Amino acid sequence: MGSVTTPSTDRRATISLFSRLRTAEGQADPFPIYAELRARGTVSPAPWGGHLVTGYGTCDQVLRNGVWIEPDTTWREQQGARTRWSAPSAREISRTMPALNPPEHTRVRRSAGSFDRTTIEQIGRRVSQVVDRLLDTLHERLHAGEADFSALVGEELPVATIGDWLGLPSADWPRLRELTHDQVFTQELLPNASQLARSDAAMVELRAYFLELIRDRREHPGDDPVSRWIRTWDELEPDRDKADKAVYFLALFVLLAALETTSTLLSTMTLLLVEDPDRWSLLAEHPDLVPAFVEETLRYDPPTHVISRVASEDCLLEGTEVKAGEMAHLMVGAAQRDPARFTDPGSFAPRRKATHLAFSGGIHYCLGAPLARLEAQTLLSRMIARLPRLTLVRRPVQAPRVAFRRLLNLDVSLT
């Protein structure tokens with residue numbers, strides 16, 4: 001007789017897959033595990049409740065459909081006092097722009113402004129200068145032997161870019177970067193107690209830092225984003241304390257979004273470049289492919305592998321009944337290798353006209369996408385033009401995460 005699949009065996013199988021995702025091997029290459037998960041159906045039950053979505057089309061649909069909303073402060077409060085959603089850092093992050101729903105999201109996003117062409121051109125000049133300086137340092141280290149690209153360039157460029165734009169003292173950048181890495185656990189898929197404790201501590205320090213910064217900018221206003229946000233929110237909100245908190249949550253969001261995912265993009269992009277000599281040759285011969293190389297990186301191994309949404313009403317998701325308040329975990333890392341969407345999805349193809357969900361979609365499409373693309377394209381172009389061919393010394397180590405990718409090292413040498 002054949003075996004019979006029951007809900008309990010199905011649940012155990014899914015738990016087993018996620019246990020493998022948490023291992024060093026699973027984090028180094030989660031894609032075979034994603035393929036097994038996708039084989040269980042475009043939509044499958046999550047062992048801890050809610051639903052896992054692995055199909056590209058379905059993920060895209062959820063991101064663009066107003067029925068699916070962010071797990072905001074109200075939703076988190078409804079989950080109870082003993083859940084990960086009640087952690088202080090989880091409550092704090094729920095007040096930043098990406099976790100808001102309309103109409104508050106609309107109001108806050110409008111107040112933030114945008115990275116328009118003029119702003120991008122101004123930042124672009126600074127990015128070019130920083131990239132050249134960082135590559136000079138990298139080249140010097142390489143003459144003495146191997147060097148960690150992630151530490152010397154991938155981690156440095158985003159904090160220098162956003163730190164300079166916000167007008168943050170450069171002496172503060174290393175600590176802000178550390179706090180950013182610690183706070184991300186509260187946004188992870190299944191954080192444990194010690195990880196949440198790290199996020200809680202980091203968020204306390206970040207809050208104190210930015211509120212002090214806002215007090216200083218009130219006394220010494222300038223032509224910087226924080227000063228502009230203060231002026232904007234003083235017009236929107238008559239209560240000064242509330243206005244300052246709104247500015248704090250904007251500044252916090254910009255820092256966190258600009259550092260964590262962009263540094264991962266830069267290091268992943270460089271890993272894909274140096275692990276295959278043919279890719280370096282391709283870009284050296286066809287530098288016009290640099291933007292496409294960046295987009296294919298974002299499809300092939302995006303910085304964020306999981307995006308979560310909540311149903312605002314009872315609905316159907318690919319024939320699966322979903323109750324209001326239930327969560328769908330969009331397994332973006334799996335969806336972007338969906339063979340129903342992409343030809344040969346496991347192949348890195350810089351000439352592919354890649355579409356992807358790396359910057360989310362719908363009303364929550366990433367505000368900083370132009371800035372991330374600017375940094376990645378500038379770095380890649382300058383590397384190809386200025387450096388001798390680099391070689392990967394050893395496979396890098398991934399941070400112990402599922403939702404947010406991060407290379408802990410990227411050791412390279414001169415060919």
Side-chain angles (χ1 to χ4, degrees), residues 18 43-54 58-109 183-193 195-196 199-200 202-203 206 245-246 249-250 252-253 256-257 260-261 302-317 320-335 357-367 401-404:
F18 275 88
V43 179
S44 59
W48 54 87
H51 309 272
L52 304 170
V53 185
T54 55
T58 310
C59 287
D60 189 40
Q61 170 194 332
V62 169
L63 290 172
R64 297 174 187 278
N65 190 330
V67 168
W68 291 93
I69 62 175
E70 284 284 344
D72 59 14
T73 300
T74 300
W75 182 89
R76 294 175 192 230
E77 289 173 349
Q78 293 170 349
Q79 306 314 301
R82 296 183 178 276
T83 66
R84 51 80 56 93
W85 305 105
S86 66
S89 54
R91 295 199 302 269
E92 194 83 345
I93 205 72
S94 73
R95 294 177 173 87
T96 60
M97 188 174 72
L100 301 177
N101 292 305
E104 188 62 14
H105 174 268
T106 308
R107 181 179 187 229
V108 172
R109 183 151 186 154
Q183 69 75 38
V184 81
F185 287 110
T186 199
Q187 302 179 67
E188 257 296 323
L189 185 61
L190 297 168
N192 60 38
Q195 290 171 334
L196 284 175
S199 289
D200 290 347
M203 202 65 84
L206 285 166
K245 284 183 180 178
F249 284 119
L250 263 182
L252 175 67
F253 148 66
L256 301 186
E260 189 69 26
T261 52
T304 303
H305 275 213
V306 185
I307 300 174
S308 297
R309 292 287 187 267
V310 172
S312 63
E313 60 187 53
D314 294 351
C315 61
L316 285 176
L317 187 60
T320 299
E321 292 186 2
V322 179
K323 298 293 185 183
E326 287 187 341
M327 179 171 277
H329 301 288
L330 311 181
M331 308 298 292
V332 175
L357 305 173
F359 293 126
S360 190
I363 66 168
H364 290 284
Y365 185 81
C366 178
L367 188 69
R401 304 173 181 173
V402 174
F404 289 86

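What you see is a predicted model; the values in this text were computed from it and never measured.
Residues satisfying the side chain to side chain contact (heavy atoms under 4.5 Å, CB included) criterion with L206, sequence neighbours excluded, are L176, L179, Q183, M203, F210, L252, L255, L256. Scored by the salt bridge (charged side-chain N to carboxylate O under 4.0 Å, His left out) test, E326 finds no partners at all (sequence neighbours excluded).
The shortest side-chain heavy-atom distance between L317 and T58 falls under the 4.5 Å cut-off. In this structure the side chain of L52 never reaches within 4.5 angstrom of the side chain of V43, judged on heavy atoms. Within the 4.5 Å cutoff, no side-chain heavy atoms of F249 are placed close to those of M97.
K245 contributes atom NZ, which lies 15.0 Å from atom CG of L250 (distance to the nearest 0.5 angstrom). From L357, atom CG reaches atom OG1 of T304 across 11.5 Å, with rounding to the nearest 0.5 Å. Distance check, rounded to the nearest 0.5 Å: CD1 of I69 to CZ of R309 gives 10.0 Å. Between atom CG of residue L196 and atom CH2 of residue W85 there is a gap of 10.0 Å, rounded to the nearest 0.5 Å. Remark: C59 SG to H329 NE2 distance equals 12.0 Å, nearest 0.5 Å. Here the CD1-CZ distance, from I93 to R91, works out to 13.0 Å after rounding to the nearest 0.5 Å.
Two rings, from H364 and W68, have their centers 6.0 Å or more apart.
Between the side chain of T261 and the main chain of A257, a donor-acceptor pair closer than 3.5 Å is present. Between the side chain of W75 and the backbone N or O of V310, no donor-acceptor pair lies under 3.5 Å. Listed for the D200 side chain is a donor-acceptor partner under 3.5 Å among the backbone atoms of S89. At least one donor-acceptor pair closer than 3.5 Å links the side chain of R84 to the backbone N or O of L189. Between the side chain of E321 and the main chain of C315, no donor-acceptor pair closer than 3.5 Å is present. For Q195 (side chain) and N192 (main-chain N/O), a donor-acceptor pair under 3.5 Å exists by modelled atom type.
Remark: the D72 side chain and the S94 side chain contain no N/O donor-acceptor pair separated by less than 3.5 Å.
Between R76 and E70 there is no salt bridge, since no side-chain nitrogen of the basic residue lies less than 4.0 Å from a carboxylate oxygen of the acidic one.
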(request) Check step by step if side-chain hydrogen bond (donor to acceptor under 3.5 Å, both in side chains) holds for T186 and S199. (result) CA-CA 6 Å; T186 199; S199 289; 5.0 Å; no
